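None of these values were measured; they are calculated from a predicted model. A note on names: the letters A, B, ... follow the listed sequences, proteins ahead of strands, and every chain is numbered from 1.
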There are 2 protein chains.
Amino acid sequence: MAAGPHGTPTLRDVAEGAGVHAATASRALNPATRGLVNAETARRVMKVAETLGYRPNPMARGLKTAKSGTIGLVIPDLTNPFFPPVVRGIEEVLEPAGYSGLIVNTDNDLLRERTQVDLLRSRQVEGLIVATALVDHPLLEQLHRERVPMVMVNRRPHGFDVPSTVPDDAAGVALAVEHLAGLGHTRIAHLAGPTTTSTGGVRARAFRNAVRDLGLDDDPRLTVVCHRWSEDAGAEGLRTLLDGDAEFTAVVAANDLIALGCYDVLSERDISCPDDLSVVGFNGMPFLDKLGPPLTTIAIPHQQIGAEAARLLLDAIADPTRSARSVLLPVTLVVRESTAPPRRCAGAVR
Amino acid sequence: MAAGPHGTPTLRDVAEGAGVHAATASRALNPATRGLVNAETARRVMKVAETLGYRPNPMARGLKTAKSGTIGLVIPDLTNPFFPPVVRGIEEVLEPAGYSGLIVNTDNDLLRERTQVDLLRSRQVEGLIVATALVDHPLLEQLHRERVPMVMVNRRPHGFDVPSTVPDDAAGVALAVEHLAGLGHTRIAHLAGPTTTSTGGVRARAFRNAVRDLGLDDDPRLTVVCHRWSEDAGAEGLRTLLDGDAEFTAVVAANDLIALGCYDVLSERDISCPDDLSVVGFNGMPFLDKLGPPLTTIAIPHQQIGAEAARLLLDAIADPTRSARSVLLPVTLVVRESTAPPRRCAGAVR
DNA sequence: ACGATTGCTGCAATCGACTGCATGATCGAC
DNA sequence: GTCGATCATGCAGTCGATTGCAGCAATCGT
């Protein structure tokens, strides 16, 4: 067990073991420079490295090359079931490429976001995958100006071009509306996400387009904007909808959390789903099939979204001049028991 | 904007700006060595560092000090809702201490676990927080021998002493059984977790103890071991229970996922919960209150478990000689609608 | 008033890997 | 048999921060 004073074998240990200079060992071990070394010598060095269990010290390497081999993942809250699969998708791509992800949670707090990104940058991350909510974002703009390689997931940037991977929101909403229309609903409500997020806006617009395309009642009173992507906000949204005077027999929630908020109001007001009201979610988070009733939703490929984002980022790092590309991923309708034909003579639901 | 050729200001830039040597600047900036420097000089250096936006390069620092400021988090699957809150609890403690967590997923695969831990070690993590399932684990033993600072979450190590933070499993199970007994159940079944995990064993033993303590029917046929902590395994477990000839009116699942598996079987066989069968889960994962029916469960303080684990690890890093301390965290019973008194003349459920 | 202590700062080596440049060896060509 | 080309390897400096040691000045004690 030849090893340096610190226990782990160093490049010099390997070089010594192979009877060559550290420089030669370095070249032999690096596939890109291996050609510079005699094939036989290279083989020998590699064998010694192998038996010694040599691991290049990423700090020493990073110090010299100014590369850390890490990527910062900026997400609002890991506890939101949306993100873990996305993270796994990201790591699935990053790992084989020799990168690791550093996760930070911002809780959608602007200040916290800033300090967390600072933290990441001080850790020398080579790029950022950003999943935060806000669409108009001075910090993002600043990072973009500073040429920090960056990709957005699930959100589109506003003014400047940054690569992004997003689900096909418009198609998803259309799927939901068509499904409800097919069941016979004509007055469908929408609980929109915050307008401060691109997703909220896109889905709301897609909703009205779908309603119009199908010739359903296009009543502006049937769209209520939730101020957050949360159960609470969803509950509040449905309450104002119910307390309004517009009739509706179905609601398309801008995401599953908002739909879950609806469930709270339903039991609170003793409204039956799907008998009195059909509900459709969006995102396809886990365990939706165990709800009472199981929630019909638009499933999106979380893992793929992450994987694509990671690929885009690696591309951007490899070639910073490449223009921003964005990926739109297909979504699917998952029909469960929260949707059904409207009752014969459904009036205003209250 | 004075800065080095790479854009980010270096220690020498600061030193130059303050008219001192880099060594002095280093000492002035490090709180531990600041006393060695003239107070006025230190102030000046710090001000220059501030205005320059100086960030010490963690790689250079790490190279010299052989510390990376990172901790490895070894978890089975981030997608399992159990872990995200634990991770947040961990980071909540790690961050103020200047550490970052590097997350890897093992999918409970022994080989993958090994390569992932190798990855972490090659990234020079200063310690490991391990949440993997297996109780007899050559890799863990090896790490322990190699003196890698390490803490386990939610599991107790088998042969050797490693600090750990676990929920009070025994108390939780007792709470569940008492709750059911209080409702009038006398024949209570247990869907145990894998015996390869300490948690599985502990909860199963606690179950039998609780049943005996309360003078309920202690029938060995009423305990079935699930071979994994998953919905599938839970479903399978309940099926064998139902297909057996022992009567029971309630079931304590070793965790929520197993309880969710029960829900599948209930609808599959048209058994009503809680009318025909009461079900109690364990862990208190999110959205359980939205299920049909909302699941009664034992809530455990996920975030606290993580935070305590991180604290233990920081202690272990600071003083490796300190003996292993373990923390037991209190759990609470959350009563919802999956439990009710048994029907008057409940026979065998089938 | 002189040697000794204390306080502050600079010098230079170090951590481990990378890399431009130079040197040495080998071989072919004329 | 010598010269130049090619190939392989070694040398030494570099990345940025840290730290033992030395040096210098101011202060103290007697």
Which one, dG10(D), dG16(D), dT19(C), comes nearest to the side chain of Ala60(B)?
dG16(D)

Map Leu36(B) and Ala23(A) onto DNA chain C by nearest heavy atom, then report which one ends up closer to the 5' terminus.
Leu36(B)

Whole-Å distance, Glu40(B) CD to dT9(C) P, equals 10 Å

Under 4.0 Å, heavy atoms only, any strand: does Thr33(A) hit a base, just the sugar-phosphate, or nothing?
nothing

Compare side-chain N and O positions of Tyr54(B) against OP1 and OP2 of dA17(D) and report whether any pair is under 4.0 Å apart.
yes

Taken to the nearest whole Å, CG/Leu63(B) to C1'/dT18(D) is 10 Å

May I have the distance from Asn30(A) (atom CG) to dA8(D) (atom C1'), rounded to whole angstrom?
17 Å

Choosing from dG10(C), dG16(C), dG10(D), which nucleotide comes nearest the side chain of Val20(A)?
dG10(D)

What's the CG-C1' distance between Leu11(B) and dC15(D), to the nearest Å?
13 Å

Under the 3.5 Å rule, do the base of dG16(C) and the side chain of Arg55(A) count as making a donor-acceptor pair?
no

Between Asn38(B) (CG) and dT6(C) (P), how many Å, whole number?
18 Å

To the nearest angstrom, the NE2-P distance between His21(A) and dG16(C) comes to 15 Å

Of the nucleotides dC11(C), dG10(D), dT19(D), which one has an atom closest to the side chain of Thr65(B)?
dT19(D)

Residues Ser100(B) and Arg123(A): side-chain donor-acceptor under 3.5 angstrom:
yes

Any carboxylate oxygen within less than 4.0 angstrom of a Lys/Arg side-chain nitrogen, looking at Glu50(B) and Lys47(B)?
no

Assign each of Arg27(B) and Pro56(B) the nucleotide of DNA chain D bearing its closest heavy atom; nearer the 5' end lies the nucleotide of Pro56(B)

Residue whose nearest DNA chain D nucleotide is more 5′ - Gly35(A) or Pro58(B)
Gly35(A)

On the nucleotide dC15(C), are OP1 or OP2 found under 4.0 Å from the side-chain N or O atoms that Thr10(A) carries?
no

Nearest whole angstrom, please: distance from the P of dA17(D) to the CE of Met59(B).
12 Å

Lys/Arg N to Asp/Glu carboxylate O, Arg156(B) vs Asp161(B), below 4.0 Å:
no

Under 4.0 Å between a Lys/Arg side-chain N and an Asp/Glu carboxylate O for Arg121(A) and Glu146(A)?
yes

Between Ser26(A) and dA17(C), does any side-chain N or O lie under 4.0 Å from OP1 or OP2?
no

Pairing of Arg88(A) and Glu91(A) as salt bridge, 4.0 angstrom limit:
no

What's the closest nucleotide to the Arg61(B) side chain, out of dA12(D), dG10(C), dA17(D)?
dA17(D)

Gap between atoms NZ and C1', on Lys64(B) and dG16(D) respectively (whole Å)
12 Å

